[in-house]
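As structure tokens, the structure follows; a few thoughts come after it.
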Number of protein chains: 2
Amino acid sequence: MSKDSPSKVSPNADSPSTTRQRRSSDQVTLSQVAQAAGVSPITASRALNYPDKVSDSARLSVLQAVEQLGYVPNLVAGSLASSRSRLIAVIVPSLINSVFVEVIKGLQETLEAEGYQILLGNTDYDLDREYQLVRTFLGWSCSALVTAGLRHNKACHTLLANWDHPIMEVMELGKGMDLNVGLDHVAAGRCMASHLIDKGYRHIVYVGARLSQDYRARMRFDGHQSVLKEEGLDAPLLELDTLGSLQAGAEGLTQVLAQYPHTQAIHFANDDLAAGALLAAQRQGLNVPKDIAIAGFNGLPLGQHVTPQLTTILSPREEMGRLAAKELIRRLSGKNVYRRQHDVGFTLQAGGST
Amino acid sequence: MSKDSPSKVSPNADSPSTTRQRRSSDQVTLSQVAQAAGVSPITASRALNYPDKVSDSARLSVLQAVEQLGYVPNLVAGSLASSRSRLIAVIVPSLINSVFVEVIKGLQETLEAEGYQILLGNTDYDLDREYQLVRTFLGWSCSALVTAGLRHNKACHTLLANWDHPIMEVMELGKGMDLNVGLDHVAAGRCMASHLIDKGYRHIVYVGARLSQDYRARMRFDGHQSVLKEEGLDAPLLELDTLGSLQAGAEGLTQVLAQYPHTQAIHFANDDLAAGALLAAQRQGLNVPKDIAIAGFNGLPLGQHVTPQLTTILSPREEMGRLAAKELIRRLSGKNVYRRQHDVGFTLQAGGST
DNA sequence: AAAACGAATGGTAGCGCTATCATGACAGCG
DNA sequence: CGCTGTCATGATAGCGCTACCATTCGTTTT
């Protein structure tokens, strides 16, 4: 057969002389590779996807043809035919917050090594946006979906509940839809509050930014508050309206000192805020921790490089991503997961700032 | 017709009683939506993709049916049929370096608003890895590809040169394959070196990390070196083998002081290193800039919060991402781009550290 | 020796959608 | 009144690949 291969003629050949539509695309196809290799298309497909299902000679000639023709597999077609895509949807609420980026990094290095690609979505802390992203991503027949957090809106929940692929919810710990890797933020808040009380502080303010969005920071406050309540202490909360940043931390410090002059210690929702406050305190000639003690959350490297070192809670973020990816891969390759829920824990890092 | 819709019978109906294969997927299809809406599948398709190409009544009943059936479009099938995917491949060399994350953020906020999704790839500064990623991404019929940097290996270059979709190379400025948004790193290096000389420093060391990988930092050194040479000064280079980080910066400071005791100023390849050195200097009781002047590159927020403020060069990273995205969208929607090359420039931010 | 089995390969028919062409209806125009 | 142009809709045929069976052939089992 000639190599322009008009494939089969249409069933009823009564069509007149008018040549039917012919959408082309100069792209090299698997059929061309197969032809060059002297095998059938399906064998060529197997040679690439299930190398040990074909003879050595067949595999070799297919690979040679691939090389020679510069064949690039059309993954879209493959996915449609097999309804598997090797795409993993990853949905995070923010890219400014380096915490999520580190999780993504952990996910990516593990998933890419296994031949999965990441489809990235950013909700900007908007659950409706999350729903839209999920819808889109399901349309791509993703192999799995990773999302930050256990909270979703109604529509999103319904959609995901009826989806028959692995779902991994990361960051926090709790009763999720499927798989879950995270840490207990309430406990983390309690841990830090206890530390501050142990250190002798009694007037402690919690400072967070946009807690309605960053509800995990809110959970830490809940833990913090419960400890203080148990000690019979007030647990004032200062909520900033800006995003967490060094700048916001500096402003937080100012506001706390104005509103609660007797404050001995500030428990910040994260290290960006805390470090910003610490650096600002230094600029103002305040002594940390004598004049004011400062604590954060995350364990960012910056905290270890300021003087005094920042007291913080170290959360294993990249590890969280790696673990999540590993569990997903395990599930995707048909094995059972060890556990549906993983507590990655956290570590109190007491520095000189408290 | 019954609603199980076996669609058309195969051309020659001489097949025996054996029911042919039937791969199912409980997923709601566009045909079902069309049926429920009382229109043909193609009209349903148009109602969703080209709303103004159908009558109001048709559009309405299709949208209703979509809602009622919970239809989620199969984007894989759509992409195969139309060979357009609304996916944009983004390839960066690292996610640790926040610089790339900020570019991604700029890209994403702009692209997502236009209904594009990001396929993210990380090369870890490995050009062969980049080639693999490009191959994979081309297989997804991406609408466009964004990659950090102008350097690619031979195979990658060939592949991209024959690809007929927009290619956007970001970060640095130069003769690219297609579109280019970035800044002139050699000029940035010259700029900072000139600043240091203007300030009266004569013994200046450049400190970078893994310059063979981070060749843009190397280009800045080239600029730095040329200025110093013009002034008849030595331009010693200290290359660290770790990745750029606060910790590495602290080590860089130590090594410089040991190897080049007369050093008056250190020009660091980026702000992470510089800030790490500045904080380390403070811990060691060194006066910045009297004992040692320190300069960085990037304009990270951290630099503005340390005391003294870090002298650095501000690069518009998010802006770079946004601009790149806008140009891509412009191109993808058929309009001509204004220019193929955009210089986003940079700004010297002189702080107290020099 | 016959039957049963497994490995390698191939023919066929879709996966769910959209590009292309065709059609019918209706308005505008000489 | 027929001609052309525009609009809304539909029938058909793939996009490039892989799942599903069927077939062949060489090897093992009874």
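Residue numbers begin at 1 in each chain, while the letters A, B, ... track the order of the sequences.
- Between A:D124 and A:R129 there is no salt bridge, since no side-chain nitrogen of the basic residue lies less than 4.0 Å from a carboxylate oxygen of the acidic one.
- Atom P of nucleotide D:dC20 and atom NZ of A:K53 are separated by 11 Å, given to the nearest angstrom.
- Listed nucleotides D:dA19, C:dT9, C:dA19 differ in distance to B:S82; the shortest reach to its side chain belongs to C:dA19.
- Between the CZ atom of A:R46 and the P atom of D:dC21 there is a distance of 14 Å, given to the nearest Å.
- No donor-acceptor distance shorter than 3.5 angstrom exists from the side chain of B:S83 to the backbone of B:L80, with no hydrogens or angles considered.
- The side chain of A:S31 places no N or O atom within less than 4.0 Å of a non-bridging phosphate oxygen (OP1 or OP2) of D:dC17.
- Under a 3.5 Å cut-off, the side chain of B:R135 and the backbone N or O of A:V72 do not form any donor-acceptor pair.
- Looking at A:E327 and A:R331, no side-chain N of the basic residue comes within less than 4.0 Å of a carboxylate O on the acidic one, giving no salt bridge.
- For A:S79, there are no side-chain hydrogen bond (donor to acceptor under 3.5 Å, both in side chains) partners two or more places apart in sequence or in a different chain.
- In this structure, the nucleotide among D:dC17, C:dC17, D:dA8 sitting nearest to the side chain of A:N74 is D:dC17.
- Here A:N49 reaches the OP1 or OP2 of D:dT18: one of its side-chain N or O atoms lies under 4.0 Å away.
- Distance CD (A:Q35) to P (C:dG10): 13 Å, rounded to an integer number of Å.
- Per the geometry, CD belonging to A:Q27 stands 15 Å off C1' belonging to D:dG14, to the nearest Å.
- Residue pairs meeting the salt bridge (charged side-chain N to carboxylate O under 4.0 Å, His left out) criterion with at least one member in residues 32-57 of chain B, sequence neighbours excluded, are B:D56-B:R59.
- Contacts of A:S83 with the nucleic acid, taken as non-hydrogen atoms under 4.0 Å apart, are absent.
- In this structure, B:D52 places its CG atom 11 Å from P of D:dC7, rounding to the nearest Å.
- Put simply, A:R84 has a side-chain N or O that comes within less than 4.0 Å of OP1 or OP2 on D:dA19.
- Annotation: of the two residues near DNA chain D, B:A58 and A:Y71, the 5′-most nearest-nucleotide partner is B:A58.
- The backbone N or O of A:S57 sits less than 3.5 Å from a side-chain atom of A:S61, completing a donor-acceptor pair.
- If you take CG of A:L80 and P of D:dG16, they are 12 Å apart, rounded to a whole angstrom.
- For the pair A:Y50 OH and D:dT18 P, the computed distance is 8 Å after rounding to whole Å.
- Closest to the A:L30 side chain, of the nucleotides D:dC17, D:dG16, C:dG16, is D:dC17.
- Contacts between residues 36-45 of chain A and DNA chain C, defined by a heavy-atom separation under 4.0 Å, are made by A:V39, A:S40, A:I42, A:T43.
- Rounded to an integer number of Å, the gap from A:L48 CG to D:dG16 P is 16 Å.
- Under 4.0 angstrom from either OP1 or OP2 of C:dC17 there lies no side-chain N or O belonging to B:S79.
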